[in-house]
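Letters go in sequence order (proteins before strands), and every chain restarts at 1. Below, all heavy atoms of this structure are taken into account, side chains as well, without hydrogens, waters or symmetry copies.
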Number of protein chains: 2
Amino acid sequence: MVEKSLPQPTKPELAVLKLLWRQKDLSARQITDEVAPQFDWSYSTVRTVLERMCEKGLLEKRPANGVNVYAASVGKIALLGDLIRDFSDRVLELDAAPSAVMFADSRLLTEEELEELEHVLRTEGR
Amino acid sequence: MVEKSLPQPTKPELAVLKLLWRQKDLSARQITDEVAPQFDWSYSTVRTVLERMCEKGLLEKRPANGVNVYAASVGKIALLGDLIRDFSDRVLELDAAPSAVMFADSRLLTEEELEELEHVLRTEGR
DNA sequence: AGCCCTATGCGACAATTGTCGCAATAGGTA
DNA sequence: TACCTATTGCGACAATTGTCGCATAGGGCT
């Protein structure tokens, strides 16, 4: 099967994704309220970023209740797996991707997700 | 003391740094021979990247034997420490930076360097 | 001294990212 | 229905990165 390579998100893009992994279908306004403070961004800026993320296939936009809401279109585990592999490979030059137990206390992952991640790191291995 | 924040190198920049950590004072030609194949870059491109890295303070250029040679001006451990902290913090949202034993089989580090890294990860912690 | 090859300094251009503002429109409310 | 406010679709511009090519200056060899 074809391995689609996820685009590597920039810092703000990752922040948006994290938010949308927690709560999906948020409006631009809601997203702004959450992430703009951290980056010191205006509403306009956030909207542009959202738009571009849609073009890149990171998000999906859908009208609901009169406003557009956004949802992540890449999975959390899949993307994290990719990022971890890239980091361990390209930056650290490790022979094997680290085991997911290393991330046990990550605020991003539940128990199940951790196992899923472990699996991804093993199989998609390389 | 002032903590100077190292610039985050791009992928090709990191590749150049890795090379120069192994062998310092290489000419643009030598660097090209090493890294260009991986990125499929021309000599010109590599030179531009080197020049820009100097401007950013990642490298230093010095004439030697009639040609310019480049050397890394950021330390390997310092930069890796920064990258690891950023990744564990911003991407993985771990409470504590991982211990360096995790990188024991990194092709980049000797025993001593590993200890040094451990130290950096502990102290500069946060 | 003259020539040739290589290195260097510079300039150029496209794509991506960071960062907004504006004019028009759609929804909700008086 | 008329108005007010929030949303949207666009367009714009600067900085960074990716990606070279060219014209000139330097060194070494004959």
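For L14(A) and dT17(C), the CG to C1' distance is 15 Å, given to the nearest whole Å. At whole-Å resolution of the value, NZ in K11(A) and P in dG18(C) are 9 Å apart. dG11(C) atom C1' lies 13 Å from atom CD of E51(B), rounded to whole Å. dT8(D) atom C1' lies 14 Å from atom CD1 of I31(A), rounded to whole Å. We find that CD of Q8(A) is positioned 21 Å from P of dA15(C), with the value rounded to whole Å. In this structure, R62(A) places its CZ atom 13 Å from P of dT8(D), rounding to the nearest Å. Rounded to whole Å, atom C1' of dG18(D) lies 14 Å from atom CG of L50(B). Rounded to an integer number of Å, the gap from Y70(A) OH to dG9(D) C1' is 10 Å.
Rounded to the nearest 0.5 Å, atoms CZ (R22(A)) and CD (E34(A)) are 6.0 Å apart.
For the OP1/OP2 pair of dT7(D) and a distance below 4.0 Å, the side-chain nitrogens and oxygens of N68(A) include no atom meeting the criterion. Remark: K56(A) is in phosphate contact with dT17(C), judged by side-chain N or O atoms under 4.0 Å from OP1 or OP2. Checking the phosphate oxygens (OP1, OP2) of dA6(D), no side-chain nitrogen or oxygen of Y43(A) falls inside 4.0 Å.
In this structure E51(B) satisfies the salt bridge (charged side-chain N to carboxylate O under 4.0 Å, His left out) test together with K61(B), sequence neighbours excluded. Partners of R90(B) under the salt bridge (charged side-chain N to carboxylate O under 4.0 Å, His left out) rule, at least two apart in sequence or in another chain, are D86(B). For K56(A), the salt bridge (charged side-chain N to carboxylate O under 4.0 Å, His left out) criterion is met by E13(A), not counting sequence neighbours. In this structure, the side chain to side chain contact (heavy atoms under 4.5 Å, CB included) partners of S106(B), at least two apart in sequence or on a different chain, are L94(A), F103(B), L108(B), L109(B).
Counted by atom type alone, S42(B) and T45(B) present one or more donor-acceptor pairs between their side chains at under 3.5 Å.
Not a single donor-acceptor pair under 3.5 Å links the side chain of Q38(B) to the backbone N or O of V35(B).
K61(A) comes within 4.0 angstrom of sugar-phosphate atoms only, judged by non-hydrogen atoms across all strands, and of no base.
Of the residues in residues 15-29 of chain A, those lying under 4.0 Å from DNA chain D by heavy-atom distance are R29(A).
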Using a 4.0 Å cut-off on protein heavy atoms (strictly under), produce a 5'-to-3' string for nucleotides 19-30 of chain D with B for base contact, S for backbone-only sugar-phosphate contact, and - for none. BBB---------

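At a threshold of 4.5 Å between side-chain heavy atoms, the hydrophobic network of Ile, Leu, Val, Met, Phe, Trp and Tyr places L19(B) and L83(B) in one connected group.
Cation-pi check for R29(B) over Y43(B) is met; the charged atom lies under 6.0 angstrom from the ring centroid and within 45 degrees of its normal.
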